[in-house]
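Notes to accompany the following structure.
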Amino acid sequence: MQKVIVIGGGAAGLMAAVTAAQNGAEVLLLEKNDRLGKKLLITGKGRCNVTNTAPLQDFVKNIPGNGRFLYSVFSQFFNWDTWSFFEELNVPLKEERGGRVFPVSDKAIDIVNAFVNLLHSLAVQIKYNEDVKEIKVENNKAVGVITAKGDFYKADSVILATGGASYPGTGSNGEGFKIARALGHNIVDLHPALVPLECEEDWVKNWQGLSLRNINTKVIVDGKEEREMFGEMLFTHFGVSGPIILSLSRQIALDLKAGKNVELSINLKPALTREQLDKRICRDFEKYSRKQIKNALHDLLPSKMIMDIIDLAVIDEDKFVNQISKEERERLVDLLQNLTMTITHTRPLSEAIVTGGGISTKEINPKTMESKLIGNLYCIGEVVDVDAFTGGYNLQAAFSMGYVAGVDCAKE
């Protein structure tokens, strides 16, 4: 019977531990927190978006950080396998908009509890508050781990599943990168992925808490349109966040790091052509012709935005609608379909949902997740240089990596 140590009880580590045990290994799971799945509990706003129903090719396209590296693990364990896995653990799932998959209960705790119960039924030994500082290597093979307390745990295989460097309060404080680097692994520069953005403009702060749906956002880098995305965004006290902002943020972080000028151009009314929007505004102006402009845009915009939009369009807020010039109306139309803001920074890596960068995929066997440098060492989850957009893609990547590592390390 193979003795396996799993370092980290997050999504990847939990899947690796149960899979190794199901394949006959004696498993010890070392968790630095006092509970398992701490980061899982906050994913999907506490609902836990476990996977996505997208077909393989589309799925990989939503993993901009080395998605192609995952083809092999996805061929062994993919989205419908994840669906079946949780259904068999009496956690029914449901599909929502965009192929996102959640537990029917909308409770992440049900996902974590399913893992915990399975671990117990498989007699997996779990040690909490265990902070691993070193992986012991002999003859270029992992033979165990040494904890911060100085304890040594022997093993035939070690699975490194410590997470990234985002949300350190959940335990993913970047320690796994130090451990891997000490073993000779190359760590691709860490950067925030799926992270809110900070803006230069002060008026953004006035819209704090405002969520906009069905808007289109373009990313302009050094004056050139690079990417765009349609969906939902949120204004914050420092800038912008929300699903499409998070998905665009990965490349924006890299652009900013390279010293490039980054702007966002937001089309607040993408369903309308410029001519259609102008006609719509004309109808509103006719309806409210005897009102001041500041009181005539409530059918068109959320109240939080009105005064700033009027100011940005260079229109006197006290001017009556029937006095608005064609030029002023055209400036308003242009602004609503090209509201531009300057991105100055991303929020810190510690606030990112996912860490970009990590252990180089060139140094990991894509079929097994075993290190190419150290035998019997497996690297899985966010500690690896793989990251995806929102929508269940990151968790599926973690589950798939965990599964194949668990299967392989259990082999005699």
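The shown structure was predicted, so the numbers you read here are calculated from the model rather than taken from an experiment.
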Would you find a donor on one side and an acceptor on the other, under 3.5 Å apart, between the side chain of Asn206 and the backbone of Asp202?
no
Indicate whether the side chain of Tyr288 and that of Asp299 have a donor and an acceptor atom separated by less than 3.5 Å.
yes
Exam field: side chain Glu370 to backbone Asn376, donor-acceptor pair closer than 3.5 Å
yes
Scanning both residues in full, the closest heavy-atom pair of Val73 with Pro366 reads CG1-O, 3.4 Å
Would you please name every residue forming a ring-ring contact (aromatic ring centres under 6.0 Å, His included) with Tyr393, sequence neighbours left out?
Phe59
Under the ring-ring contact (aromatic ring centres under 6.0 Å, His included) test, residues paired with Phe85 that sit two or more places apart:
Phe115
Distance in Å, Met341 CE paired with Leu312 CG, rounded so as to fall on 0.5 Å steps:
9.5 Å
Is the closest side-chain heavy-atom distance between Asn52 and Asn79 below 4.5 Å?
no
Between the side chain of Asn49 and the main-chain N/O of Val101, is any donor-acceptor distance below 3.5 Å?
yes
Are a donor atom and an acceptor atom from the side chains of Ser400 and Gln396 found within less than 3.5 Å of each other?
yes
Could you tell me whether the side chain of Leu119 reaches within less than 4.5 Å of the side chain of Leu36, counting heavy atoms only?
yes
Step-by-step salt bridge (charged side-chain N to carboxylate O under 4.0 Å, His left out) determination, Glu96 to Arg47
CA-CA 12 Å; Glu96 295 188 0; Arg47 298 172 61 216; 2.4 Å; yes
With sequence neighbours excluded, residues passing ring-ring contact (aromatic ring centres under 6.0 Å, His included) with Trp207:
Trp203, Phe235
Is it the case that the side chains of Asn216 and Glu228 hold a donor-acceptor pair, with the cut-off being a distance below 3.5 Å and no angle test?
yes
Atom CD1 in Ile359, atom CD1 in Ile187: separation rounded to 0.5 Å?
5.0 Å
Side chain Thr236, main chain Gly239, donor-acceptor under 3.5 Å
yes
Has Lys269 got a side-chain atom pairing as donor or acceptor with Leu300's backbone, closer than 3.5 angstrom?
yes
Looking only at heavy atoms, which two atoms of Gly406 and Thr19 are closest? And how far apart?
C-CG2, 4.0 Å
Quick one: CD1 on Ile293 to CD1 on Ile309, what's the gap to the nearest 0.5 Å?
11.5 Å
Using only atom types and a distance under 3.5 Å, with no angle test, would you say the side chain of Thr355 pairs donor to acceptor with the backbone of Ala165?
yes
Should Arg280 and Gln276 be marked as a side-chain contact (heavy atoms from CB on, under 4.5 Å) after you check the CA-CA gap, both sets of side-chain angles, and the distance that decides it?
CA-CA 6 Å; Arg280 162 70 195 279; Gln276 289 170 333; over 6 Å; no
For Ser249 and Val195, indicate whether the former's side chain and the latter's backbone hold a donor-acceptor pair under 3.5 Å.
yes
Taking all atoms of both residues into account, what is the closest heavy-atom pair of Cys409 and Ile159, and its distance?
SG-CD1, 3.7 Å
Would you verify whether the NZ or CZ of Arg329 falls within 45 degrees of the ring axis of Phe285 while also being under 6.0 Å from that six-membered ring's centre?
no
Rounded to the nearest 0.5 Å, how far apart are CG of Leu29 and NZ of Lys127?
11.5 Å
State which residues pass side chain to side chain contact (heavy atoms under 4.5 Å, CB included) with Lys362; sequence neighbours excluded, sorted by chain then number.
Ser360
Does Ala296 offer a backbone N or O that forms a donor-acceptor pair with the side chain of Asp284 under 3.5 Å?
no
Separation between OG (Ser121) and CD (Gln22), nearest 0.5 Å, reads 8.0 Å
Between Gln2 and Ser157, a side-chain donor and acceptor under 3.5 Å
no
Side-chain donor or acceptor of Asp385 paired with backbone N/O of Gly65 under 3.5 Å
no
Is the shortest side-chain N to carboxylate O distance from Lys133 to Glu175 below 4.0 Å?
yes
Can you sort out the partners of Ile109 under side chain to side chain contact (heavy atoms under 4.5 Å, CB included), two or more places apart, ordered by chain and number?
Arg35, Leu41, Lys107, Asn113
Looking at Lys149 and Asp131, is any side-chain nitrogen of the basic one under 4.0 Å from a carboxylate oxygen of the acidic one?
no
Would you say Ser265 and Asn338 are linked by a side-chain donor-acceptor pair, where the criterion is simply a distance under 3.5 Å?
yes
What's the separation between atom CD1 in Ile7 and atom CD in Glu130, rounded to the nearest 0.5 Å?
11.0 Å
For the residue pair Ile146 and Phe152, what are the closest heavy atoms and their distance?
CG1-CD1, 4.0 Å
Quick check against the 3.5 Å criterion: does Asp387 have a side-chain atom that pairs as donor or acceptor with the backbone of Asn394?
no
Quick check: are there more than 12 heavy atoms from other residues, nucleotides or ligands sitting under 6.0 Å from CZ of Arg227?
yes
May I ask you to say whether Glu382 pairs ionically with Lys39, meaning some side-chain N is under 4.0 Å from a carboxylate O?
yes
Quick one: do the Glu201 and Thr342 side chains pair a donor with an acceptor below 3.5 Å?
yes
Taking every heavy atom of Gly9 against every heavy atom of Glu31, the minimum-distance pair comes out as N-OE1, 2.7 Å
Listed partners of Asp156 passing salt bridge (charged side-chain N to carboxylate O under 4.0 Å, His left out), at least two apart:
none
